[in-house]
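Below is one structure; the comments refer to it alone.
Order of the sequence lines fixes the chain letters, A, B, ..., with proteins taken first and strands second; residue numbering starts at 1 for each chain.
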Amino acid sequence: MLVCSPPIKLKKKKKRSPLAPHRTVRTVSTHCGTMFRAVFRLSATGARSLARSRPCYSAPLASRCYSHGKVETDEEFDARWVTYFSKPDIDAWELRKGMNTLIGYDLVPEAKILDSALRACRRLNDLASAIRILEAVKDKAGPHKDIYPYLIQELKPTLSELGISTPEELGIDKL
Amino acid sequence: MAHQAHAYHMVDPSPWPLTGAVAALLMTSGLAIWFHFHSTTLMGLGMALLLLTMYQWWRDIIREGTFQGHHTPPVQKGLRYGMILFITSEVFFFLGFFWAFYHSSLAPTPELGGCWPPTGITPLDPFEVPLLNTAVLLASGVTVTWAHHSIMEGERKQAIQSLALTILLGFYFTFLQAMEYYEAPFTIADGVYGATFFVATGFHGLHVIIGSTFLAICLLRQIQYHFTSEHHFGFEAAAWYWHFVDVVWLFLYISIYWWGS
């Protein structure tokens, strides 16, 4: 029986100021390519999460904090999402749905997931969504200002290969 | 042959199906005339004919059932099936609009900012008037059940009171919703958000008006002693329709007002 190790704090989704301390987030981060993974927890107002079904391209493993049942590892989570975006004939709706679901989680996605998503954007000729993904990732990092530059650094080869400019390069990062 | 040897109702010839069909023709072609030539005459004529058809057709059904005794148990069973099938078709009607809403909101496009609610849209607070509307409709579900039990128990005065209260609650909902429509910071033209919001809630509001009207007819009939404690299918059909309207609202509230904000 696996129990989620950190105390489960059921929190209402969103409207939290980026300046508010991440009391309920446990982030393990160094600058050397480790996980930027906060503990995923089920939103108290389940309506939003329940409406976002699991990406149906892969087996739905529970990554929620139940008192029993399989708990998905971080690697399994990443692999599942990389697979989701790697579907060769992914359609525009699935891309947007996947991104919205992913951004709804209480974590910053790993570079490999974002790489897979950016490549899906390329297959779908959707540059707008590719740049939007970078904006969303920056927002997800919240007060942890070191995460976004790190991810851009990790994704640089892919961004160059696919010809994706960052919001900063385009000057649209300022309001 | 003076008497029938079966319990079914072979309806007398009636002009109303024809007038109803003609009304449908005049309304649809009238719509096209309105769009192209700015005249509402034909459409207005069609609508008038539709109202006359509905009034006379249903009046005749009441005459056949309540006054002529044609609504035997098997006939009533058929009417029940009919109402259930009709409500089922309405469920599918709304299912389409919910599909449109979820298609648009689960995967918002870049034009909307990739987010839901879309950039620039200030949704209504689900815990203000929409929550009151939910309470009003749920309460009306209670009062219509109270009315049903009153009818079954032969409590004439209570039946009239609870049915009247149900209708008042229905009007209150319509009034509140009209206020919300007037005050809303977004319109039907505001992208897919506005479109899905107003089409789904708009059709729901139309069904509330239809349901309230149906209940009002039942109130008039109850006052005029049409219903017995054993036989009051017209009322039951209205109550079923009213519960359906309530359930659709609950889905709208949860999906569009609450989750969608």
Side-chain angles (χ1 to χ4, degrees), chain A residues 12-15 42-57 84-85 87 90-105 109 114 117-118 120-122 124-140 164-165 167 170 172-173 175, chain B residues 94-135 137-138 185 191-193 195-197 200-201 204 246-261:
Chain A
K12 195 171 169 14
K13 269 280 180 231
K14 287 310 347 213
K15 305 300 179 339
L42 177 61
S43 157
T45 54
R48 195 176 280 270
S49 302
L50 286 170
R52 296 213 171 96
S53 54
R54 292 262 163 266
C56 41
Y57 184 56
Y84 179 88
F85 287 113
K87 190 167 90 130
I90 192 173
D91 70 32
W93 192 92
E94 289 168 335
L95 168 68
R96 297 193 304 265
K97 168 73 166 77
M99 278 314 305
N100 269 274
T101 306
L102 186 61
I103 295 298
Y105 295 150
L114 298 173
L118 291 171
C121 289
R122 173 64 268 188
L124 290 162
N125 298 315
D126 192 353
L127 178 61
S129 293
I131 299 170
R132 192 56 164 166
I133 288 170
L134 301 179
E135 288 182 314
V137 156
K138 184 174 180 187
D139 185 69
K140 284 304 291 184
I164 300 169
S165 312
L170 295 171
I172 60 172
D173 57 319
L175 281 164
Chain B
F94 276 97
L95 230 44
F97 296 119
F98 277 99
W99 181 352
F101 169 74
Y102 276 110
H103 176 99
S104 309
S105 57
L106 285 169
T109 60
E111 292 84 354
L112 308 173
C115 53
W116 194 273
T119 309
I121 294 283
T122 37
L124 301 174
D125 187 339
F127 300 112
E128 297 205 343
V129 175
L131 186 59
L132 173 59
N133 272 342
T134 305
L137 282 186
L138 286 173
V192 75
Y193 184 90
T196 49
F197 180 92
T201 61
H204 173 261
D246 186 10
V247 170
V248 170
W249 171 258
L250 293 174
F251 278 98
L252 281 174
Y253 180 72
I254 300 286
S255 305
I256 298 184
Y257 284 90
W258 194 353
W259 178 82
S261 69

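Among residues at least two apart or in separate chains, side-chain hydrogen bond (donor to acceptor under 3.5 Å, both in side chains) pairs with a member in residues 123-135 of chain B are B/Asn133-B/Gln177, B/Thr134-B/Trp249.
The ring pair (Phe, Tyr, Trp, His ring centres under 6.0 Å) search around B/Phe97 returns B/Phe93, B/Phe203, not counting sequence neighbours.
Minimum heavy-atom separation, B/Tyr102 to A/Trp93: O-CZ2, 4.4 Å. Between B/Leu106 and A/Asn100, the shortest heavy-atom contact is O-CB, 3.9 Å. Counting all heavy atoms, side chain and backbone alike, A/Arg96 lies closest to B/Pro108 at CD-O, 3.1 Å.
Side chain of A/Arg132 to main chain of B/Gly113: a donor-acceptor pair is present (N/O by atom type, distance under 3.5 Å, no hydrogens or angles).
Put simply, CE on A/Met99 and SG on B/Cys115 are 12.5 Å apart, with the number rounded to the nearest 0.5 Å.
Contact of B/Ser255 with chain A is not made at all, since no heavy-atom distance falls under 4.5 Å.
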